[in-house]
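These values consider heavy atoms only, across backbone and side chains, with no hydrogens, waters or symmetry-generated copies. Chain letters run A, B, ... following the sequence lines, proteins first and then strands; every chain starts at 1.
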Amino acid sequence: MGGQQSTQFPDGVPIGGACDTVSGPAAAPDCLVRIRGLSFSRGAQVIFDRVDLDIARGAVTAVMGPSGTGKTTLLKLISGQLRPDAGSIEVDGEPVETLGRSALYKLRRRMGMLFQSGALLTDLSVFDNVAYPLREHTKLNPAMVRKLVLLKLEAVGLRGARDLMPSALSGGMARRVALARAIALDPMMILYDEPFTGQDPISMGVLVTLIRQLNDASGLTSIVVSHDVRETASIADYMYIISNGKVMAQGTPAQIAAERSEWVRQFMDGLPDGPVHFQYPAPSLAADLLVRGVG
Amino acid sequence: MAKQHSIEVLVGAFMAAGFVALFFLAMKVSNLSANVADDGYRLTARFTNAGSIKARAPVSMAGVRVGRVEDVRLDKKTYQAVVTMRIDPTVDDIPEDTFANIFTAGLLGEQYIGLQPGGSQDYLRDGDEITQTQSALILEQMIGQFLFKKAEEGGK
Amino acid sequence: MANKARALVDGLLDPLARLGHGGLKALAGLGRAHLLLLGILAGSWDMLRRPRLLLAQVFNVGVLSVLIVGVSGFFVGMVLGLQGYYVLSQFGAKESLGVMVAASLVRELGPVVTALLVAGRAGSALTAEIGLMKATEQLSGLEMMAVDPVRRILTPRFFGGLISMPLLAALFSAVGVLGGYFVGVGLLGVDDGAFFGQMQAKIDFREDVVNGVIKSLVFGVVATWIALFQGHDATATSEGVSRATTRAVVHSALAVLAIDFVLTALMFGK
């Protein structure tokens with residue numbers, strides 16, 4: 001990819017800005033997730049290069065960037081499914097990258113994650129899927145489980161679909177069921193992996209509203225990873241834009257909208273050509289067509 | 001719940017069928033039912049040639065199996081084969097002067113030990129030895145003898 | 001000139017390098033497979049507290065394979081009866097038909113053919129199921145719910161296969177003996193008493209039946225392990241899953257046959 005050097009975000013950006021500038025409903029705008037000097041690479045491909053990131057408690061923080069910039073990888077790093085090459089990831093004061101299995105599993109009970117595909121267990125009904133974490137991790141009696149499951153399903157508007165199997169659900173419904181499952185244990189934080197991808201406008205709207213409502217009503221912290229600019233900007237309290245392993249820009253949606261750098265403008269406004277070129281790097285067309293004298 | 005119940009029933013039926021099959025293999029197909037277990041008493045017999053008798057070969061009397069061969073060893077002093085047999089505890093009245101033969105079941109069948117009871121009133125006890133034995137017939141020897149005899153007759 | 005020499009050296013070294021690369025990859029895979037087995041076994045205690053999960057897998061592997069195993073067993077037994085009759089009657093030893101049928105089934109064909117059938121019928125299904133669960137992020141989803149997918153998903157399937165295999169093999173052998181009986185005694189007129197009598201006289205419980213059960217237990221471990229590993233190790237795409245399924249069947253078939261040779265040599269090669 002070309003052009004990343006044009007608007008490299010200067011290294012002097014105030015660290016921890018997210019936690020100080022949050023204007024969300026959170027009573028105490030402190031940091032729930034604190035990432036410092038995070039580096040991660042897959043083979044020769046560098047995905048993160050000394051990235052600093054903060055997620056404020058009680059806020060909806062969006063992490064945006066073009067496809068393939070490792071947004072999902074970031075969520076996997078935060079939830080401890082992957083270990084960083086260097087740097088530290090602190091979640092609620094616990095260093096995720098050094099936690100052992102049982103400590104990690106304990107921490108994960110306080111996290112929910114919404115996968116792109118929903119990741120519902122296909123051999124269980126909607127009801128059993130939502131009940132799964134409750135049955136696994138609590139000793140609640142069946143009547144109590146039933147009540148809780150119905151409440152969670154009500155919150156995502158799918159109480160009536162409780163007997164359906166996941167194969168009978170549309171993509172948007174599956175994501176809402178997965179969301180009900182993610183909040184079943186009343187976590188402190190939910191990680192959303194591309195929640196809007198491939199949704200029709202109606203279910204997109206439903207999901208946008210749900211994410212915001214759940215966050216505010218239950219005092220959650222939300223991290224939304226997405227490249228859907230408009231929807232994400234409409235619910236985020238704070239945004240990070242990452243590309244090529246670096247944070248290209250950060251700030252509230254208003255700040256990002258006012259951002260003048262060419263790269264950020266191209267990404268936010270969806271311009272086909274700019275610092276990121278339309279063409280995949282290649283020799284000039286004329287050279288390609290003529291030199292190889294095939295005919 | 002109904003589905004779970006029918007799965008339970010089917011799994012139960014499957015396990016039962018599997019064990020019935022195992023039982024069939026054990027009792028009907030293999031010799032477990034006919035096995036003379038480790039009870040019973042031991043007899044020994046010496047043969048100049050034990051043929052192809054091996055451990056677990058049957059020991060029978062009048063065509064009825066009464067035990068099996070436990071061990072075949074060579075007596076280093078006499079160069080005889082010492083065959084140890086385990087006899088069914090219910091067959092506790094084998095006369096002392098019983099005759100032990102090594103027979104072959106059919107032309108190609110396996111070899112077994114046949115006991116021919118004598119007339120004595122004294123019975124063999126655990127650890128006793130059957131003194132009257134006849135070795136296995138070796139087919140080649142028999143044919144050789146037969147040819148030799150024929151040749152002699154022809155010569156006269 | 002120098003370039004040419006270098007190309008030559010590279011051409012010679014390249015296959016060597018590829019061989020080394022392939023060897024290292026295979027070795028790494030073997031290591032991952034054993035780590036997975038450790039993880040599966042570590043979950044066995046956890047599984048005992050959830051007998052339902054095991055029950056469902058005995059159903060999947062065992063009950064659903066009964067039909068194919070039973071029908072195959074009957075036909076294999078009938079073929080053995082037919083072939084055995086023609087060979088044995090040439091030697092005037094058709095009374096030994098029962099021995100031949102039962103020995104072939106109990107020692108070899110029962111465990112081996114059952115293992116191949118189960119690898120094809122249940123093993124491939126296991127691989128596809130696990131691979132799809134991986135591709136659709138269900139395994140990651142469990143992981144994020146603080147549930148260990150190896151313990152919860154793989155361990156019951158492993159023990160389901162382990163329990164089902166010897167039972168299926170016993171079914172195969174028993175039905176096969178009946179098939180041989182049907183052809184030998186029913187159709188070809190071998191004496192009923194001789195068929196079973198000779199069989200009982202010659203087939204030893206410990207030597208033949210128990211060794212056959214041991215074989216099928218080993219095959220159960222190997223076939224299920226390979227199927228689960230291939231599913232768990234599959235690339236999380238539809239193409240990756242389909243390739244893993246093929247690999248699972250091929251690898252388990254080869255492993256079963258190779259291990260059968262080793263076991264046979266150990267058990268009967270005195």
Side-chain angles (χ1 to χ4, degrees), chain B residues 1-38 52-60 63-72 86 103-114, chain C residues 51-52 54-66 69-70 73 88 91-93 95-96 98-99 101-103 105-106 110 160 163-178 180-181 194 196-210 212-213 216:
Chain B
M1 272 299 110
K3 193 174 151 224
Q4 177 67 31
H5 187 68
S6 68
I7 284 182
E8 276 168 22
V9 170
L10 282 171
V11 169
F14 164 66
M15 304 274 283
F19 282 115
V20 165
L22 265 179
F23 186 77
F24 172 77
L25 292 180
M27 303 312 279
K28 200 74 188 151
V29 173
S30 79
N31 54 4
L32 189 65
S33 56
N35 223 350
V36 186
D38 287 342
S52 64
I53 286 283
K54 290 198 177 62
R56 277 203 298 274
V59 177
S60 63
V64 178
R65 182 174 21 226
V66 295
R68 42 179 65 244
V69 172
E70 199 174 63
D71 188 34
V72 182
R86 221 177 234 290
F103 291 133
T104 307
L107 196 58
L108 296 167
E110 65 173 339
Q111 291 192 307
Y112 66 96
I113 294 181
Chain C
R52 282 233 165 128
L54 179 64
L55 204 76
Q57 295 313 319
V58 174
F59 180 83
N60 274 346
V61 178
V63 176
L64 295 183
S65 307
V66 163
V69 165
L88 290 173
F91 299 104
E95 279 70 32
S96 301
V99 183
V101 169
L105 280 168
V106 170
I163 292 172
S164 302
M165 190 72 93
L167 295 176
L168 287 171
L171 267 176
F172 185 97
S173 299
V175 171
V177 167
L178 293 181
Y181 178 84
F196 272 113
Q198 290 248 12
M199 188 154 76
Q200 277 197 20
K202 294 272 180 60
I203 304 290
D204 187 61
F205 179 70
R206 223 166 300 161
E207 180 97 330
D208 296 318
V209 178
V210 172
V213 171
S216 60

Non-hydrogen atoms of chain C under 4.5 Å away: do they reach the side chain of B:F19, the backbone, both or neither?
->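 Both backbone and side chain.
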
**Prompt:** Could you state the interatomic distance from CG (C:L64) to CG (B:L10), rounded to the nearest 0.5 Å?
**Reply:**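 Result: 9.0 Å between the selected atoms.
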
Check each atom of [X] against the heavy atoms of chain B and say whether the ones under 4.5 Å are side chain, backbone, both or neither.
X      : answer
C:V213 : side chain
C:I163 : side chain
C:S164 : both
C:V63  : both
C:L54  : neither

Considering non-hydrogen atoms only, spot the tightest contact between [X] and [Y] and give its length.
X     : Y      : result
B:L25 : C:S173 : CD1-CB, 3.8 Å
B:A17 : C:L171 : O-CD2, 4.0 Å
C:G62 : B:F14  : CA-CZ, 3.6 Å
B:M27 : C:Q200 : O-NE2, 3.6 Å

